[in-house]
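Input: a single structure, listed below in C-alpha cells.
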Amino acid sequence: MALPRVLSVIGAGQMGIGIALVASLRAKIPTVLLYDRDPSQITKGLEFMDKLLAKDVSKGKTSEEDAKAAREKIISITSSSASSSTLNIDEFGWARELGERGSDMVVEAASERLSIKEGIFRALAKNLSKDAVLASNTSSISITKLAGAAVEGLGSSINKASEEGKSCAGRVVGVHFFNPVPVMKLCEVIPGLQTSETTLERAKAFAVACGKEVSTSKDVPGFVSNALLMPFLNEAIMCLESGTATRDDIDKTLRLGMGHPMGPLQLGDIFIGLDTCLAIQETLYEGTHDSKYRPSVLLGRMVDAGWLGKKSGKGFYEY
Ligand SMILES: NC(=O)c1ccc[n+]([C@@H]2O[C@H](COP(=O)([O-])OP(=O)(O)OC[C@H]3O[C@@H](n4cnc5c(N)ncnc54)[C@H](O)[C@@H]3O)[C@@H](O)[C@H]2O)c1
C-alpha cells in the first residue's frame, strides 16, 4: 500500500511533534508539513524534536545523517508563512497551503475539542486533493462525526449519502498514536461508519511504516484504549478527591502493587495532560450518558485553574 509523499501534521503539541518525527525518521516520508495555529508551539516543538534526535544520536540509536535528513524534511507552516501573492490569508489559508504543497495524507493532532476538529476537517476537505487520506489522532471523538464535518466542508449542496459525500467521508479515519510517540509501540486505527477499505489499509500501512503495531477499534467514545484507561485515571483522581489516599500513595500503589511503570496521577500529569483527560472523560460521559463515566470534580477544577500537568508546569505534581 502506497505511503504518502507529502504528509501534513496539524497541531505541534506533544503528539503532533512525535508523529512528525516518526513519519520523517522511521516511515521516511519525503516531505512532512507541520502546521499549528500558534507559531510559538512550532518553535517550541521543533526545539524539543532536536533534543530527542540529539539524544538518539548520542545513544547510537540513529545516525547523525539520518537525524539530519529527518529534520530537514520537516517544513513548518504558519498563517504568516503563506505567501500573500498566491494565497488569501483567511481562516483557511493554512489548509490551502497544505493542498497547494500536495498533501496526500493529513494527521490532525490539534486539541481534543470537537468544534476545533470539525473546523479543521471542513477546511481539509475543501482544500486538499480528493484522494488525500484525512486522519485524526483524536483520543475519543467520533471519527464518523469528523467524516460528516469533512463532507460539510464541500458545501451545503452536497448530500452526505451521495457518491461525492460518501467518497469524501470515506477518506476519514482515526490513527491514534500514544505518548511519547517515538517510544510507544501501538497505533490504534479506527474506521468510522463511512471509512473506505482503501483508506483503512493506507492508514494501517502508514502506522506500520512509522514502526508501530496496529490494533483496530470500533468508533465508540474513547475507542478501546481510552474507554478502558480514562475511567481508571478518573477513579484515581476521585480517590484523591475523597481523601482515600494521598497523591503519592495512590501512585505508589499502582506502581509497586500492580507493576505499572508509573502511577495514574503521574500518567495524567506527565504524558496525557489534564485538559486532555477531562476532554476525553467528557466525551465518554456525553457519548454514553452512563454515570460511571462522570468526570471527577477535582479534575474539572484543576483544568479551571490552568493546572494541566507537566505542559503547564503544575498538575498533581510541580514541574
Ligand atoms: N497526550 C496524549 O497522551 C495523547 C495521546 C493520544 C492522542 N492524543 C490526542 O492528540 C491530540 C493532541 O494532543 P496533545 O497532547 O498533543 O495536545 P497539546 O495540547 O500538547 O497540543 C495541541 C496543539 O493543537 C494546537 N491547536 C489547537 N487548535 C488548533 C487549530 N485550530 N489548528 C491548528 N492547531 C491547533 C495547539 O496550539 C497545540 O499546539 C488530541 O486530540 C489528543 O486527544 C493525546
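Atoms within a ligand are numbered from 1 in the order they appear, just like the ligands themselves.
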Practice task
Identify the two heavy atoms, one from A147 and one from A169, that lie closest to each other, and give their separation to 0.1 Å.
Solution key: CB-O, 3.7 Å
Exercise for the section: Under the side chain to side chain donor-acceptor pair (under 3.5 Å) rule, collect the residues that match up with E47, sequence neighbours excluded. Expected result: none
Exercise for the section: Fit a plane to each ring of Y35 and W94, take the angle between them on a 0 to 90° scale, and name the class: parallel (under 30°), tilted (30 to 60°) or perpendicular (over 60°). Expected result: parallel
Practice task
With a 4.0 angstrom cut-off on heavy atoms, strictly below it, pick out the residues next to ligand 1 and order them by chain and number.
Solution key: I10, G11, A12, G13, Q14, M15, Y35, D36, R37, D38, Q41, A109, A110, S111, E112, I116, K117, I120, N137, T138, S139, H176, F177, N179, F271, I272, T276, K311
Handout entry: Non-neighbouring partners of R71 that pass salt bridge (charged side-chain N to carboxylate O under 4.0 Å, His left out), sequence neighbours left out
Key = D50
Handout entry: Short N-O contact, K145 and E118, less than 4.0 angstrom
Key = no
Handout entry: F48: partners by ring pair (Phe, Tyr, Trp, His ring centres under 6.0 Å), with sequence neighbours left out
Key = none
